[in-house]
Amino acid sequence: MHARLLSAPSHAFAASSSPLPFAAAHPCRASWTPRPTSPPPPLSLLRATASMHPSPPPEGHSDQPVHGVTNTVVGVLGGGQLGKMLCQAASQMGVRMAILDPLEDCPASSVCHEHVVGSFNDGATVSEFAKRCGVLTVEIEHVDAVTLEKLEKQGIDCEPKASTIMIIQDKYRQKTHFSKFGIPLPDFVEVDTLSSIEKAGEMFGYPLMVKSKRLAYDGRGNAVAHDKKELSSVVASLGGFEHGLYVERWTSFVKELSVIVARSRDGSTVCYPVVETIHKDNICHVVEAPAEVPDKIKKLATNVAEKAIKSLEGAGVFAVELFLTQDNQVLLNEVAPRPHNSGHHTIESCYTSQYEQHLRAILGLPLGDPSMKAPASIMYNILGEDEGEAGFTQAHQLIERALDISGASVHWYAKPEIRKQRKMGHITIVGPSKYSVKARLDKLLQRDAYDPKKVKPRAAIIMGSDSDLPVMKDAAVVLKKFNIPFELTIVSAHRTPERMYHYALSAKERGLEVIIAGMVASLTSVPVIGVPIMTSSLHGTDSLLSIVQMPKGIPVATVAIGNAENAGLLAVRMLASRDPELGDKATEYQHDLRDMVLEKAKRLEELGWEEYTELYLKKH
């Protein structure tokens, strides 16, 4: 066993008047066994002995009063960026964190209570580390699960359980496990010879996805064979059959989705909103929350994810990565038994971050609210674009731009080395709408923020005929003035009933938040604003009555006959109710109207009614 203990400075000691120098720039070191603490002890020894006492027994079995949230020390195998953000959440809750990681300057080392420098794959080191912890968890699944299983038999509390870690570590075993529980998966089969993989190619067709069973993540351990001739080279690139391989039928997906599921000690679960993950060179690059998919797909994805996690053992946060296929199937890709890249956004966008949730789950605390407190969020991974200082410079330039963007939060992992495609940090942008956060991301990445062909409309103006356009264009003018993306089209209830039906049913799924038109209210849950159109016979009264006399349960907001401008302004106010920036613009518009009226009043009082009429009214 080779391990050293690096402890964070003691805040209590730092407040004293001792003349001893602090080792702020270099973490103090200690051996496993505390030395006698007879006075006057050196500062480094005080830190070591204070942190090396085993944590108290679980609260239910301890006579010691609980100070704060818990007395339990949480031990984490791994000290990467996930461990760092776990420690940051723990700091807010006052939970003591111990980290086991082989790198002295790992990301979590700067924020944990104590850092043991050692391998989480060394059984003896893990066993010794576990003695100081009330509960043991992981921020990486590639740990010594065999030792964890032994520790559990000795009474050590490991969350999630070693059995779960073992299942997840082996991708083939993971697929086999989930298939037994009826979880939808791409077709897969184990291969161990050239003939067996050729047979798999005949069975599944090409392209064929070939995967390593173990140590495969961020695109590593996966390769694609486009035809039979490539099989030998693909197998060789993955280390040969002795490395342990299996193949999957190629999945033609339209989106990659992810669901973070939290499971408590009693087995109850809560699920975070479904998100879409967008990859760059097989590495997660962007996460959009919530995913822009129909509600039925969100429910299906959540059900698949929850069912998968309920089949595993132990508490904690789990990430379930999914494929959405062209025929609207949701297939499980893989599971991570820990906080995940697709859940970084939850720090800023959700009431309970995935990191706080993981601590709640493993400590037996009530699970928090996973719902989003911001309407929309985008997480952008800061990936290494170059090696060395050139890479750091590019990352710094990106961060500088992010700090000037509303709703953006920067997370820098402080990794000592930068490499191409290495995850160095992330930026989360929250805002009132997907349109808003995407526009801010465009600004961050210095790309054209407005492309009418790519921007999804938030509002719609629909007419029964082009003869309505002279009236309805006033609503379009208002929406354009407030920079609200919208679509304007003809949907006739009488001439194109099928088009109207499909248009209304798909409105919410396509991201529309308000519709200006009266005839589709019964077919959509999107708010509808009716505009009575002036007619030659009844002067629009018939149109007005047809809108205001809608049956119960089919609400339609209504404006004055022919007043599409007010319909546009009402749509603005509806959208502004959850869009602070738009709300400010709407308020500014009201102030402009007030100032205009005050200016007219001032002129009338100064000129008198006769001259005012001559100058401003007669020509109209």
- Query: Hey, what's the ring geometry for Y413 with H426, parallel, tilted or perpendicular (30° and 60° as the breaks)?
  - Reply: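 Tilted: the ring planes of Y413 and H426 meet at 30° to 60°.
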
- Query: Would you call the rings of F188 and Y172 parallel, tilted or perpendicular, where under 30° means parallel and over 60° means perpendicular?
  - Reply: perpendicular

Side-chain H-bond candidate by donor/acceptor type, [X] with [Y], under 3.5 Å:
| X | Y | result |
| --- | --- | --- |
| T193 | S196 | yes |
| D144 | T147 | yes |
| D327 | T325 | yes |

- Query: With a 6.0 Å cut-off on ring centres, are F181 and H177 close enough?
  - Reply: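 Under 6.0 Å, so yes.
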
- Under the side chain to side chain donor-acceptor pair (under 3.5 Å) test, which residues partner Y503, sequence neighbours left out? E487

- Within 45° cone of Y246 ring axis and under 6.0 Å: K211 NZ or CZ: no

Got more than 12 heavy atoms from elsewhere within 6.0 Å of [atom1], [X]?
| X | atom1 | answer |
| --- | --- | --- |
| K299 | NZ | no |
| K199 | NZ | no |
| W250 | CH2 | no |
| E313 | CD | no |
| Y206 | OH | yes |

- Task: For K434 and S377, work out which heavy atoms get closest and say how close.
- Result: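 Taking every non-hydrogen atom into account, CE-O, 4.4 Å.
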
- Task: Identify whether the distance between the nearest side-chain nitrogen and carboxylate oxygen of R265 and E159 falls below 4.0 Å.
- Result: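 Salt bridge present between R265 and E159.
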
- side-chain hydrogen bond (donor to acceptor under 3.5 Å, both in side chains) partner of R338, the single match among H358, E139, E141, Q354: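 When side-chain hydrogen bond (donor to acceptor under 3.5 Å, both in side chains) is applied between R338 and each of H358, E139, E141, Q354, only E141 qualifies.
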
